[in-house]
Amino acid sequence: MRDTTTVLYTGKTRTTSGGRDGAARSSDGRLDIQLSSPGSKGAGTNPEQLFAAGWSACFIGAMGLAAGKLGLKLPPEAHVDAEVDLCNLNGAYFLQARLDVHLPGLPAEIAQALVAAAHQTCPYSKATQGNIDVDIRVL
C-alpha cells in the first residue's frame, strides 16, 4: 500500500470447514453464510454469486457518483444484472463476467457515459480490468 492511502473500510471474514463447501462469517457477524460448490445440492451460496453481488452493488454506487458529478440522479429502477462464470480450460480455472446495466428513462448517451465512468471508478472493475474477460452492456 502507498503511504498516503486512506483506508475507508476493511471487510474481515473467516471461511472455514472446506472452503467452497464450508461457511463464511464476517468479524462483525453481519455476514454469516453457508457455502456450497456451484451445481451441488448444498443449501449455501458460492464465491461467484458473492462476487457478482458485490460487484453489481459497487457498480451502482459508482454510477451514482458519476451521475452526481453531472447533476443527475440514477432512476429508482436502475439495476445491474451481474453474471460471473467459473471456467476451466485445460485444467486452468478462471473467471469471466457480464454486467447488464439497466438505466430506464435515461437517454442512451447519458446511460453509456455513466457506465463508462463507473467502470473506471468502481474498485471491482479496476481489479478485474486486464485480468478477466468482462462484457458490460447498457440495456
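- If you take OH on Tyr124 and SG on Cys58, they are separated by 6.5 Å, rounding to the nearest 0.5 Å.
- Side-chain contact between Pro47 and Arg20: present, with at least one pair of heavy atoms (C-beta onward) separated by less than 4.5 Å.
- The CG atom of Asn46 sits 8.5 Å away from the CG atom of Leu86 when rounded to the nearest 0.5 Å.
- Counting heavy atoms from C-beta on, the side chains of Arg25 and Leu31 never come closer than 4.5 Å.
- Atom CD of Glu109 is separated from atom CG of Leu114 by 10.5 Å, given to the nearest 0.5 angstrom.
- Between Gln34 and Gly22, the shortest heavy-atom distance links the atoms NE2-O, 3.5 Å.
- Looking only at distances, a side-chain donor or acceptor of Asp28 sits under 3.5 Å from a matching main-chain atom of Arg30.
- Between Phe51 and Thr128, the shortest heavy-atom contact is CZ-CG2, 3.8 Å.
- Both Ile136 and Ile132 are members of a single hydrophobic cluster when ILVMFWY side chains are connected at heavy-atom separations under 4.5 Å.
- Hydrophobic clustering of Ile, Leu, Val, Met, Phe, Trp and Tyr side chains at less than 4.5 Å, counting indirect connections, keeps Trp55 apart from Leu139.
- Counted within 6.0 Å of CG on Asp85, heavy atoms from surrounding residues, nucleotides or ligands total more than 12; the atom is thus considered enclosed.
- Under the 4.5 Å side-chain heavy-atom criterion for ILVMFWY residues, a single connected hydrophobic cluster contains both Val115 and Leu72.
- Linking ILVMFWY side-chain heavy atoms closer than 4.5 Å, directly or via other members, places Ile110 and Leu99 in a single hydrophobic cluster.
- Residues Gln120 and Gln129 meet the side-chain proximity criterion, which asks for heavy atoms closer than 4.5 Å.
- In terms of heavy-atom proximity, Ala66 sits nearest to Ala117 at CB-CB, 3.7 Å.
- Checked by atom type and distance alone, the side chain of Ser56 pairs as donor or acceptor with a backbone atom of Ala52 at under 3.5 Å.
- Arg98 contributes atom CZ, which lies 10.5 Å from atom CG of Asp133 (distance to the nearest 0.5 angstrom).
- For the pair Val80/Asp100, no side-chain contact is recorded, criterion being any heavy-atom separation below 4.5 Å from C-beta on.
- Between the Asn131 side chain and the Ala127 main chain, a donor and an acceptor come within less than 3.5 Å of each other.
- The backbone N or O of Ser26 lies less than 3.5 Å from no partner atom in the side chain of Thr13, so there is not a single donor-acceptor pair.
- Side-chain N or O atoms of Glu83 include none that pairs as donor or acceptor with a backbone N or O of Gln96 at under 3.5 Å.
- Rounding to the nearest 0.5 Å gives a distance of 14.0 Å between NE2 of His102 and CG of Leu74.
- Remark: Leu106 CG to Met63 CE distance equals 9.5 Å, nearest 0.5 Å.
- Minimum interatomic distance between Leu50 and Leu35 (heavy atoms only, all atoms of both residues): CD1-CD2, 4.1 Å.
- Hydrophobic clustering, with ILVMFWY side chains joined whenever heavy atoms are under 4.5 angstrom apart, groups Val138 together with Leu70.
- Minimum interatomic distance between Val101 and Phe59 (heavy atoms only, all atoms of both residues): CG2-CE2, 3.9 Å.
- Nearest heavy-atom pair, Leu103 versus Ala78, reported as atom, atom and distance to 0.1 Å: CD2-CB, 3.7 Å.
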